[in-house]
Amino acid sequence: MLERLALAERTQLLDPVDHAVISQGLIAAAREMGVKLIRSAYSTIIREAADASAALFDRDGNVVAQAELIPMQLGPMSEIFRSCAAVYPVESLEDGDFYITNDPYSGGQHLQDVFIYSPIFVEGELVAFAGTVAHHLDLGGGNPGLTTEAVDVHAEGLIIPPTRYSFARDWEGRGPLRRLIAANIRVPDQTIGDFDAQFAANAVGAERVRQLCQRYGAETVRASMSELIDYSERRFRAALAEIPDGTYHGQDAVDDDGLSDTPLTVKAKVTIKGDSISVDFDGTCAQVRRNLNCPFASTISAALTAIKASLTSADIPFNEGVKRPIKITAPPGCLVNPTYPAPVRARMEAAYRSFNAVLKALAQVAPDRVIAGGNDTTLVTSISHLNAGKYRVYLEVYGGGYGASPRQDGCDAVDSPLSNCTNTPVEATDMDFEHFRLTGYGLIPDSCGHGRHRGGLGFFRRFEVLKDQVNFAIYADRFRLAPYGLFGGSDGQRARCEVVRGGKTIPVKSKDGMELRKGDILTLYTAGGGGFGPIAERDPNAVLRDVRQGYLTAETARRVYGVSA
C-alpha cells in the first residue's frame with residue numbers, strides 16, 4: 001500500500017513531456033512485440049492469419065499497452081496473469097523466469113491459446129512484464145487440430161496449469177518443458193517454432209522497456225505506466241457518464257450444440273449508473289456436453305469488446321483503466337461460465353453471442369453507436385493428413401460480412417470483431433500443404449442484409465482434396481439463425497458448408513467432422529451482415545454502385561430496392 005501511495009505521488013510530479021514520450025514508447029513497444037511474434041511464427045494460423053496478441057504489463061500484472069491484434073485474447077490477460085501470480089508470487093521470480101498457462105479453468109480461455117509472461121528486470125528490480133498469447137496449431141487431443149466430439153477438456157489437448165519455469169533451464173535447447181510439449185503434439189516443428197516466436201516477442205518488449213528505463217529511470221517509467229492506465233480510466237468514465245442511466249436487456253443464441261437442434265440462448269442485462277457499467281449474464285442456458293462452452297475469461301473479453309467498441313472513442317488506449325468501471329458476472333454452470341471439466345474448444349460461438357447480446361442491449365440506449373448482427377462467428381476448419389508418420393495440419397479462421405452501422409455499409413469478407421484474424425493467402429496455403437488445393441475464393445453476391453446501409457458480404461472458399469484419408473473437422477455458427485438486421489434492416493444470409501463427392505452434394509453441419517477422399521470438393525460459405533435502417537431509405541445510387549461492382553444482382557436490386565440496373 002505504501003509503495004502504491006508513493007507511486008501515486010511520483011505520478012503527480014511526472015513531467016508531461018516525458019510522460020508523452022514514455023507512454024507512446026510503451027504503446028509502440030507493444031505493437032512491435034505483435035509484429036515480431038507474427039513475423040517469427042512458423043504456422044500459417046499465426047504467420048498469415050495473425051491469430052496472436054502481445055501486451056506490456058506493470059509489475060502487478062495490469063495491462064499498460066497492447067498490440068492491436070485479437071480482442072478476444074487481450075481482454076483477460078491481466079486476469080490470466082493473476083492466476084499465475086497467485087501460485088507463484090511475483091516476489092519469487094528471478095531474471096529469466098516466465099509464467100505459462102493455457103488452463104481454461106484457471107483463468108485461461110481454450111487450450112490452443114497459450115499465455116506466456118516474462119518479467120522485466122532493470123538493475124535487479126522487477127519493473128514490468130512482457131506477455132504474449134498465440135493460438136497453437138495443435139496441442140494434442142483426440143483429433144488433429146480440432147476435436148469436435150470431445151467429452152471433456154482433457155480430450156481437447158495438453159493442459160498447462162499456471163506455472164513458473166526458467167527459460168534457460170526448462171526451455172532453451174532441449175529443456176524438459178520443450179521436450180514435454182513436443183512429445184504431446186502432432187506438428188512439433190511448427191508448434192515449438194511458434195512458442196519460440198512468443199519468447200522472441202517478449203524479449204523485444206523487455207528490451208524496449210529497459211531502454212526507456214535507462215533514459216528516464218525505472219521510477220519515472222513506472223509512474224508513466226500508472227498515469228497511462230489512469231488516463232484511460234478517466235476518458236472511459238467520462239464517456240460512460242454521457243449514456244443515460246438505466247438497465248437494458250439483450251439476448252442472442254448459438255444455433256445448436258451439435259447434438260440437437262435446440263438454440264443455446266445467451267442473455268445479458270446491462271446496467272449503466274453514472275460512470276460505471278455492469279453486465280450480468282444471468283438467464284443464459286446451462287453449459288452443454290459439446291465444446292461450445294465459453295470460459296468466463298472469454299466472456300469477459302466479449303463483453304469488454306462490445307462496450308469499448310460501441311461506447312468509447314477509438315483513441316482511448318485499451319489497458320487496465322478501461323476495465324475498472326466495468327463489472328461482469330455470470331452464474332457458474334451456465335454456457336458462458338462453465339464448470340470443470342466441460343469442453344471449451346469452440347468457445348468463440350458463445351462468446352460472440354455474448355457480444356451480440358450486449359450490443360442489442362446497448363442499441364436501446366445508444367442506437368447511433370452499435371452495428372447490426374454480422375457473421376459474428378468463428379468458422380474454424382481443420383484439414384489434416386498423416387503421411388509416412390508425419391502430420392500436416394491446416395487450420396484457419398474464416399470471416400464474413402460485418403453488420404451495417406448507422407453511418408455506412410458493413411465491411412465485406414473480413415474476420416468478425418472479436419477475432420480480427422486475416423485471410424490466409426492462397427499462395428501461402430499452396431506452399432505449405434499438398435493434401436488439398438484451393439480452387440475457388442470470392443465474395444458471395446446478394447449475401448448481405450438490406451437497409452439504409454447494407455451489411456457486408458460473406459465469401460466462399462473451395463478446396464479440392466488431393467489425397468485419401470484426409471481428416472476434416474469444423475465448428476461454426478450462423479447456419480440456422482441468420483445475422484440480424486437493426487431498425488428496419490433485413491437479416492444477412494446464413495452460412496453453410498458442403499462436400500461434393502461423385503456428383504452428389506453432402507451437407508456438412510456447423511459442428512461436424514468427416515473423412516475426405518481424393519477428388520472431393522469442399523466448399524465453405526460464410527454469413528453476410530445484417531442491414532441497418534429502413535430499406536426504403538437506401539440511396540438508389542448506392543444500389544446501382546453495388547450492382548456494377550457485382551455485390552448485388554440486378555434482380556435483387558429490383559426486387560428489394562425497386563431500382564432497375
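What you see is a predicted model; the values in this text were computed from it and never measured.
With salt bridges taken as basic N to acidic carboxylate O contacts below 4.0 Å, one links D520 and R501. Between R179 and D170, no side-chain nitrogen of the basic residue sits less than 4.0 Å from a carboxylate oxygen of the acidic one, so the salt-bridge criterion is not met. Ion pair R347/D113 flagged as a salt bridge, since at least one NZ, NE, NH1 or NH2 atom sits closer than 4.0 Å to an Asp/Glu carboxylate oxygen. Remark: D196 engages R178 in a salt bridge, criterion side-chain N to carboxylate O under 4.0 Å. A salt bridge links R559 with E555: the closest approach of a Lys/Arg side-chain nitrogen to an acidic carboxylate oxygen falls below 4.0 angstrom. Salt bridge status for R290 with D257: absent, with no side-chain N to carboxylate O gap under 4.0 Å. Salt bridge annotation for E434-R392: absent, with no cationic side-chain nitrogen under 4.0 angstrom from a carboxylate oxygen.
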Test salt bridge (Lys or Arg N to Asp or Glu O under 4.0 Å) on R538 and D546 and set out the steps. CA-CA 12 Å; R538 184 157 180 80; D546 285 343; 3.0 Å; yes

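For the residue pair E498 and T505, no side-chain donor N or O sits within less than 3.5 Å of a side-chain acceptor on the partner. In this model, no donor atom of one side chain and acceptor atom of the other lie less than 3.5 Å apart for S510 and D477. No side-chain donor-acceptor contact under 3.5 Å links Y402 and D412. Remark: the S447 side chain and the Q493 side chain contain no N/O donor-acceptor pair separated by less than 3.5 Å. Defined by atom type and a distance below 3.5 Å, a donor-acceptor pair is present between the side-chain atoms of S53 and Q73. Neither side chain, N375 nor T526, offers a donor N or O lying under 3.5 Å from an acceptor on the other. A donor atom on one side chain and an acceptor atom on the other are found under 3.5 Å apart for Q109 and S298. Side-chain contact check for D446 and T556: at least one donor-acceptor pair (N or O, by modelled atom type) lies under 3.5 Å. If you check the side chains of R345 and Y475, you find a donor sitting under 3.5 Å from an acceptor. For the residue pair R478 / T377, no side-chain donor-acceptor distance below 3.5 Å is found, with atom types taken as modelled.
In this structure, R186 and D138 have side chains that are in contact, with non-hydrogen atoms separated by less than 4.5 Å.
Within a 6.0 Å radius of CZ in R462, other residues, nucleotides and ligands contribute more than 12 heavy atoms. When the shell of 6.0 Å around NZ of K36 is examined, it contains 12 or fewer heavy atoms from other residues, nucleotides or ligands. Under a cut-off of 6.0 angstrom, the local environment of NZ in K267 is sparse, with at most 12 non-hydrogen atoms contributed by other residues, nucleotides or ligands. The number of heavy-atom neighbours closer than 6.0 Å to CD of E464, taken from other residues, nucleotides and ligands shown, is above 12.
Taking the six-membered ring wherever Trp is involved, the centroid distance between the rings of Y525 and F459 does not fall below 6.0 Å. For Y391 and H385, the ring centers are positioned 6.0 Å apart or more. Side-chain rings of W171 and F195 approach one another, their centers coming within less than 6.0 Å. The six-membered or imidazole ring of F460 lies away from that of Y441, with a centre-to-centre distance of 6.0 Å or more. Annotation: H136 is not in aromatic contact with Y42 [ring centroid separation under 6.0 Å not met]. Under the 6.0 Å cut-off for aromatic ring centres, Y117 and F98 do not qualify, their centroids lying 6.0 Å or more apart.
The aromatic rings of F433 and F436 sit parallel, their planes meeting at an angle under 30°, below the 60° perpendicular limit.
Between the D256 side chain and the P263 main chain, no donor and acceptor come within less than 3.5 Å of each other. Between the side chain of S419 and the backbone N or O of V397, no donor-acceptor pair lies under 3.5 Å. Q251 contributes no side-chain N or O that, together with a main-chain N or O of V358, makes up a donor-acceptor pair within less than 3.5 Å. Put simply, the side chain of N471 never gets that close to the backbone of E515: no donor and acceptor are under 3.5 Å apart. With hydrogens and angles ignored, the 3.5 Å screen pairs a side-chain donor or acceptor of S301 with a backbone N or O of M72.
Residues satisfying the side-chain hydrogen bond (donor to acceptor under 3.5 Å, both in side chains) test with D376, not counting sequence neighbours, are N356. Scanning for side-chain hydrogen bond (donor to acceptor under 3.5 Å, both in side chains) contacts around N420 gives an empty result, with sequence neighbours left out.
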